[in-house]
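Notes follow the structure.
As the structure lists them, so they are numbered: ligands from 1, and atoms in each ligand from 1. Every value quoted in this text rests on a predicted model; they were computed, and no experiment measured them. No hydrogens, no waters, no symmetry mates; every other heavy atom, side chains included, goes into these values.
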Amino acid sequence: MSSVEIKKGIYWVGVVDWDIRYFHGPSYSTHRGTSYNSYLIMDDQVTLVDAVFAPFAGELMENIRSVVDPSRIDNVVVNHIETDHAGGLPVVLQAAPKAKIFCTAKAKAGLLKHFPEAKEWNFRVVKTGDTLPVGRRTLTFVEAPMLHWPDSMFTYIGEEELLLPNDAFGQHLASGHRFDDEVDQHVLMEEAAKYYANILYPLSRMVLKKLEEVKGMNIPISMIAPSHGIIWRGDPGKIIQAYQRWASGEGQEKALVVYDTMWGSTATMARAITEGLISEGIEARQYKISKTDYSDVIKEMLEARLVVVGSSTIHRHFLASLSPFLDEVGSLKPVKRMGAAFGSYGWSKGAVKGIEGRLQGAGIELVKEGLELLWVPDEEEKKECFEWGRSLASFAKNK
Ligand SMILES: Cc1cc2nc3c(=O)[nH]c(=O)nc-3n(C[C@H](O)[C@H](O)[C@H](O)COP(=O)(O)O)c2cc1C
Ligand SMILES: [Fe+2]
Ligand SMILES: [Fe+2]
């Protein structure tokens, strides 16, 4: 794809990566690919905001060339140093060796550690409130530490009511379209949610603070152009409200039953527990983790107030197939979630206690004593599971 004019004289010059299926290693599946978005601001001075992932640098340069000779770039704004946005910088700077680089102090230090050639670059370190007049327009910088790296910042263009927040408000979604009003809303919000859950969840307190700060600045925002996926033009408020909801842990009357089993007993328990939750009007969903992409389950935790996790005991432990999911939950620390554990065992037990420890470690409040059953559940025990699920429903409800 070539450049796309997103505002008069401002161009998307990014690239679409249709093929990527995992981001950050195996922990975040990207079923719908992604894009690395760069923006070119044509004014008295020519400014590039963010580069792209290195393998796509050639395509970035072609897209820039469709608008302007890259040697005319005066300024390069680096909102974030992660390699999916800064990897292409050496190629850009080769074409525009005199360009000034605007970034935070942490970003400068980071770039120097990423690229040996950065020693030659013409850095201008900026702080919140610093501005860069480029002609008819002025860029304002807002530091956004830990949203999502220490170096992160947002760039705002008042004359255009345009926010360029880099990774914030993004989605891993490859598309021939560039704008929110051109794409399926369900797909867009699903990918925005998965992105929040897998990248920003543990930073939720900082997200809330930053949202307050931006609201307090009383700046009009008619367009949010993130560094991945679709640009919010039709309804930028939609993603801001969604972030508010996700960061505050509000959630819905939903429950997830996540489990694994060797011979089916824990599956029988899971089924009855799910039925019990459903009987109380809760939207409950059951996932056998060895057959499920766990980053999709974590996305659902944004909306589900309750997560019930089950495993049979193996060597006094829960099944290893649950480990990646529990590890990830432990590091992402879902906000205000409640949980409980269950499972079948043969002699010593161990799985339920292990799961409970992991849920607590993730900051999930245990709301009921774990349910452990010996060997294969009989009819009475299935009823017990159903009732156990039913009794958990109140925790998923709006209190
Ligand atoms: C390799 C293996 C190791 C096991 N280790 C334990 C154990 O340490 N403690 C225990 O209580 N049960 C242990 N069990 C028994 C299972 O927990 C029991 O068979 C349970 O009913 C299986 O439930 P499932 O059908 O949901 O997998 C083990 C079973 C297997 C196959
Ligand atoms: Fe990033
Ligand atoms: Fe990124």
Side-chain angles (χ1 to χ4, degrees), residues 14-15 17 20 22-25 28 30 33-38 49-54 56 78-88 103-104 106-107 110-111 114 144-154 164-174 191-192 194-196 198-200 202-203 225-229 257-273 286 288-290 309-322 341-355 370-378 381-382 385:
V15 299
D17 185 347
I20 190 166
Y22 289 95
F23 220 84
H24 297 148
Y28 181 174
T30 47
T34 192
S35 72
Y36 312 104
N37 300 338
S38 290
V49 180
D50 295 320
V52 298
F53 187 32
F56 296 89
V78 178
N79 279 326
H80 179 33
I81 65 166
E82 195 168 0
T83 195
D84 52 335
H85 308 293
C103 65
T104 62
K106 289 241 162 69
L111 289 172
H114 277 73
M146 293 322 288
L147 287 177
H148 68 125
W149 275 16
D151 54 273
S152 299
M153 73 170 183
F154 299 171
L164 303 166
N166 194 269
D167 273 336
F169 307 121
Q171 339 85 42
H172 287 317
L173 176 55
E191 292 302 342
K194 187 165 177 181
Y195 187 96
Y196 187 94
N198 285 280
I199 294 181
L200 293 157
L203 311 167
S227 60
H228 295 289
V257 178
V258 183
Y259 77 99
D260 218 337
T261 180
M262 292 182 279
W263 300 113
S265 290
T266 306
T268 303
M269 293 179 76
R271 190 66 197 242
I273 291 164
Q286 183 181 315
K288 183 174 181 177
I289 203 69
S290 53
V309 181
S311 170
S312 44
T313 294
I314 182 160
H315 310 305
R316 297 176 175 258
H317 201 273
F318 52 79
L319 293 165
S321 54
L322 277 158
F342 66 95
S344 170
Y345 69 97
W347 51 96
S348 64
K349 302 183 183 175
V352 164
K353 196 157 165 270
I355 292 168
L371 179 62
E372 297 170 289
L373 295 180
L374 179 64
W375 305 121
V376 182
D378 60 23
E381 287 170 325
K382 280 190 218 170
C385 291

Could you tell me whether the side chain of [X] and the main chain of [Y] form a donor-acceptor pair under 3.5 Å?
X	Y	answer
Asp50	Asn79	yes
Asp151	Ile81	yes
Ser311	Tyr259	no
Thr34	Ala174	no
Thr266	Thr261	no

Protein residues having a heavy atom less than 4.0 Å from any atom of ligand 1 =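 Near ligand 1, by chain and number: Thr261, Met262, Trp263, Gly264, Ser265, Thr266, Ser312, Thr313, Ile314, His315, Arg316, Ser344, Tyr345, Gly346, Trp347, Ser348, Lys349, Trp375.
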Apply salt bridge (Lys or Arg N to Asp or Glu O under 4.0 Å) to Lys288 and list each qualifying residue two or more places apart in sequence or on a separate chain.
-> none
Of the N, O or S atoms in Asp84, the one nearest the Fe ion (ligand 3) = OD2
Is the distance from the Fe ion (ligand 3) to the nearest N/O/S atom of His80 under 2.8 Å?
-> no
Flag Glu82 as yes if one of its N/O/S atoms falls below 2.8 Å of the Fe ion (ligand 3), otherwise no.
->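 No.
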Classify the angle between the aromatic ring planes of His228 and Phe23 as parallel (below 30°), tilted (30 to 60°) or perpendicular (above 60°).
-> perpendicular
Give the ring-plane orientation class for Tyr36 versus Phe53, where under 30° counts as parallel, over 60° as perpendicular and anything between as tilted.
-> tilted
Atom nearest to the Fe ion (ligand 2) - Asp167, N, O or S atoms considered =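 Result: OD2.
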Backbone or side chain, does His85 get an N/O/S atom under 2.8 Å to the Fe ion (ligand 2)?
-> no
